[in-house]
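Report on the following structure.
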Amino acid sequence: MTMAWLATMAFASTWQLQEDLVVQVRPPVPVGWMDGRTTLTWAVEWTPGDPTFTAHLCSVEVAPMLGAVTSWPDATLAAVPEVVRPVDYTDGHWVVGPVVDTIGDGDDDGDGNPGITIEVEHPKVGKGQVFVRQTATLGWDGVLGDDGAIRGTMTYEPDQEMLGATTWWLKLGVTQRPHRKEASTFALTPTDQAGCGS
């Protein structure tokens, strides 16, 4: 039994899951494919040896693209349901999925618009909202490190359907595909704080 395993077992069942998701994005302007990056942070309940984990989405940070800054309103974050995932954890090897997630089949965030609402702001064009349905195939494959954290790579295959927008330039939409060269990654780190915190 490794020291990392002993250290991990000493923690309660609260963890933080940070996902660094990378894709290639084709904007509506003719600039070819560009790199896109989104960082998601989840509050996780899981005890080593348990066959499932439970996660609640805390934050979404999207890297700016062509000057546009994308953000998720609080109501959109709250609309993402808590998820429970099956875990295969053997000898420090942590495997989950692949699973398929969909959000935005209805007016999930209750704002009267279809799908989920995402806010976009550009210093020259202005700001607006876009309404989307998002589906992604996700998988996690990582190993336990000496510091007690589990790190590895992710399968991330996104698909976003445009359902509407408040301004003309957001109605043009973007196309996404899994990154051809760079893998999405994750880190599952034990913490003494339950929930998303302040």
Side-chain angles (χ1 to χ4, degrees), residues 1-23 35-64 69-104 108-110 116-119 134-158 178-179 182-198:
M1 185 174 290
T2 67
M3 291 300 295
W5 172 261
L6 289 171
T8 303
M9 289 296 289
F11 279 93
S13 60
T14 57
W15 301 66
Q16 181 188 77
L17 173 62
Q18 183 169 312
E19 300 170 334
D20 189 24
L21 306 178
V22 293
V23 294
D35 288 355
R37 187 177 300 271
T38 303
T39 301
L40 281 73
T41 303
W42 302 75
V44 173
E45 295 290 325
W46 180 66
T47 300
D50 284 356
T52 62
F53 78 90
T54 302
H56 178 79
L57 184 60
C58 296
S59 66
V60 177
E61 297 180 9
V62 183
V69 177
T70 300
S71 60
W72 285 41
D74 289 343
T76 301
L77 286 173
V80 178
E82 190 173 75
V83 295
V84 179
R85 298 283 180 248
V87 177
D88 181 354
Y89 188 66
T90 306
D91 295 329
H93 186 196
W94 200 77
V95 179
V96 181
V99 298
V100 178
D101 271 345
T102 299
I103 180 173
D108 289 5
D109 47 17
I116 58 169
T117 298
I118 297 174
E119 297 177 345
Q134 293 186 341
T135 299
T137 299
L138 301 159
W140 301 257
D141 190 325
V143 294
L144 179 66
D146 291 338
D147 60 354
I150 297 169
R151 295 182 176 86
T153 58
M154 288 185 63
T155 298
Y156 176 52
E157 299 176 2
H179 202 288
E182 188 175 353
S184 297
T185 59
F186 77 92
L188 181 67
T189 306
T191 177
D192 58 2
Q193 180 173 317
C196 293
S198 57

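Since the model is a prediction, treat every value here as computed from it, not as a measurement. The first residue of the sequence shown is numbered 1, and numbering continues consecutively from there. What you see below is based on every heavy atom in this structure, not just the backbone, and it leaves out hydrogens, waters and symmetry mates.
In this structure a side-chain-to-backbone donor-acceptor pair under 3.5 Å is present from Ser184 to Val22. A side-chain donor-acceptor contact under 3.5 Å links Asp109 to the backbone of Thr117. In this structure, Thr191 contributes its side chain and Thr14 its backbone to no donor-acceptor pair below 3.5 Å.
Ser13 and Glu45 share a side-chain donor-acceptor pair at under 3.5 Å.
Of the residues Val83, Val99, Val96, the one that meets the side chain to side chain contact (heavy atoms under 4.5 Å, CB included) test with Leu138 is Val99. Screening Thr54, Thr52, Asp101 against Arg85 for a side chain to side chain donor-acceptor pair (under 3.5 Å) leaves a single residue, Asp101. For the ring pair (Phe, Tyr, Trp, His ring centres under 6.0 Å) criterion with Trp94, the lone passing option out of Trp15, Phe186, Trp140 is Phe186.
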For Glu157 and Thr155, what are the C-alpha separation, side-chain angles and deciding distance, and is it a side-chain contact (heavy atoms from CB on, under 4.5 Å)?
-> CA-CA 7 Å; Glu157 299 176 2; Thr155 298; 4.1 Å; yes

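Taking all atoms of both residues into account, the shortest heavy-atom contact from Ala43 to Cys58 is N-SG, 3.6 Å. Closest approach of Gly148 and Pro190 over heavy atoms only: O-CD, 3.4 Å. Minimum heavy-atom separation, Ala149 to Thr189: CB-OG1, 4.0 Å. Between Gly142 and Ile150, the closest heavy-atom pair is C-CG2, 4.1 Å. Across every non-hydrogen atom of Arg151 and Ala187, the tightest pair is CG-CB, 3.9 Å.
Annotation: side chain of His93 is in contact with side chain of Asp141 (closest heavy-atom distance under 4.5 Å). Side-chain contact check for Leu21 versus Val23: every heavy-atom pair is 4.5 Å or farther apart.
Ring centroid separation for the pair Trp46 and Tyr89 comes in under the 6.0 Å cut-off. For Trp42 and Phe53, the distance between ring centers is not under 6.0 angstrom.
Here CG of Leu77 is found 5.5 Å from CG of Leu57. Values are rounded to the nearest 0.5 Å.
Heavy-atom contacts from other residues, nucleotides or ligands closer than 6.0 Å to CD of Glu61 number 12 or fewer.
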